[in-house]
Amino acid sequence: MLRPRLIERMNEGLSSGCKLTLISASAGFGKTTLVSEWIAALTPSPPPVGEGLGVRVAWLSLDEGDNDPARFISYLIAALQTIKAEIGEGLLAALQSPQPLQIETILTTLLNEISIIPEHFVLILDDYHSIDSQPVDQSLAFLVEHQPPQMHLVIVTREDPQLPLSRLRVRGQCTELRAADLRFTPVESAEFLNQMMGLHLSTEDIAALEARTE
């Protein structure tokens, strides 16, 4: 079921040049489904920000194994290579080296390579709640702080990441969708139950179901 009011919020964040869209709510709120519907509506030809919403998309689904910084950055590079195949090629050897990682140096090089991508693009990090690693959180915070303007980051998570969200809010660089936003409105509940489920319920019955199931 399409959620036009939420997709519009995400479109506004993208077209305004925000760095980050954060979708944060517990399981069952349709976070990943919403993002899938949103990107399905984006066209592949990317005009400048403010002149349309066409962008390319890189998607990285995370799990507990990605708490290792080298693995996280390697998979991040692999996702970015779907936007530009040459991104990060020279960094992969450094990530596989037995020598201690110079994370900030690696990320700075990666950001410099991202900055020369001519198109606007979206990077989606799904299931970021799987990450429980301070080095990975710090790596992501560094990326966000120095993020090139043609990149828009979407984080889908069950709990807020360790990012400077307050600073991003003050700067107008963050769009947030939370449980209160993701809950169905009465109109959306009626559409889902009556049109999609074919139940033909009354307004009173729909209200009762909303109250009981949240």
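Please read all numbers here as calculations on a predicted model, not as lab measurements. Each residue takes its place number in the sequence, starting with 1.
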Does any donor atom in the side chain of Ser24 or Asp160 lie under 3.5 Å from an acceptor atom in the other side chain?
-> yes
Answer yes or no: is there a donor N or O on one side and an acceptor on the other, between the side chain of His152 and the main chain of Cys18, under 3.5 Å?
-> yes
Taking the side chain as every heavy atom from C-beta outward, state whether Thr157 and Pro161 have any atom pair closer than 4.5 Å.
-> yes
Atom pair OG1/CD1 of Thr82 and Ile77 - distance to nearest 0.5 Å = 12.5 Å
Backbone of Ser130 reached by a side-chain donor or acceptor of Asp127 within 3.5 Å = no
For residues Ala79 and Ala58, report the shortest heavy-atom separation together with the two atoms involved.
-> O-CB, 3.3 Å
Regarding Tyr128 and Asp66, is there a side-chain donor-to-acceptor distance under 3.5 Å anywhere?
-> no
Taking the side chain from Lys31 and the backbone from Ser26, do they hold a donor-acceptor pair closer than 3.5 Å?
-> yes
Main-chain N/O of Ile87 paired with Gln81 side-chain donor or acceptor, under 3.5 Å = yes
Heavy-atom check, side chain of Leu14 versus side chain of Thr21, under 4.5 Å | no
Is the side chain of Arg9 donor-acceptor paired with the backbone N or O of Glu176 at a distance under 3.5 Å, no angle test?
-> yes
All heavy atoms of Ser133 vs all of Asn67, minimum pair found to be OG-O, 3.0 Å
Ile103 side chain reached by Ile73 side chain, heavy atoms, under 4.5 Å = yes
Side chains of Phe142 and His146 in contact at under 4.5 Å (non-hydrogen atoms) = yes
Met151 backbone acceptor or donor facing Gln147 side chain under 3.5 Å | yes
Yes or no on side-chain contact (heavy atoms from CB on, under 4.5 Å) for Leu60 and Leu80, after CA distance, side-chain angles and deciding distance?
-> CA-CA 9 Å; Leu60 174 57; Leu80 291 169; over 6 Å; no
Heavy-atom nearest pair, Leu95 first then Ser74, reads CD1-OG, 3.5 Å
Polar side chain donor-acceptor pair, Trp38 to Ser36, under 3.5 angstrom = no
Are any of the side-chain nitrogens in Glu145 or Arg171 under 4.0 Å away from the carboxylate oxygens of its partner?
-> yes
Keeping the roles fixed (side chain from Thr33, backbone from Gly30), state whether a donor-acceptor pair exists under 3.5 Å.
-> no
Determine, stepwise, if the pair Leu91 / Thr109 fulfils side-chain contact (heavy atoms from CB on, under 4.5 Å).
-> CA-CA 8 Å; Leu91 297 175; Thr109 302; 3.8 Å; yes
Passes side-chain contact (heavy atoms from CB on, under 4.5 Å), Arg178 versus Leu22? Steps please.
-> CA-CA 8 Å; Arg178 299 186 174 276; Leu22 175 64; 3.6 Å; yes
Do the non-hydrogen side-chain atoms of Ile39 and Ile124 ever get within less than 4.5 Å of each other?
-> yes
Do Phe29 and Leu34 touch side chain to side chain, with heavy atoms closer than 4.5 Å?
-> no
Can you measure from CG (Leu163) to NZ (Lys19) and round to the nearest 0.5 angstrom?
-> 11.0 Å
Using a 4.5 Å cut-off on heavy atoms from C-beta on, say whether the side chain of Ile117 contacts that of Ile83.
-> yes
Distance-only polar pair, side chains of Thr32 and Asp126, donor-acceptor under 3.5 Å | yes
For Gln150 and Ser115, indicate whether the former's side chain and the latter's backbone hold a donor-acceptor pair under 3.5 Å.
-> yes
Stepwise side-chain contact (heavy atoms from CB on, under 4.5 Å) test for Ile155 and Ile23 | CA-CA 6 Å; Ile155 297 177; Ile23 304 175; over 6 Å; no
Let me know which of Leu140, Leu125, Leu62 forms a side-chain contact (heavy atoms from CB on, under 4.5 Å) with Ile131.
-> Leu62
Atom CG in Leu177, atom CZ in Arg3: separation rounded to 0.5 Å?
-> 9.5 Å
With a 4.5 Å heavy-atom cut-off, do Val122 and Val154 have their side chains touching?
-> yes
Ionic contact status for Lys84 with Glu113, cut-off 4.0 Å | no
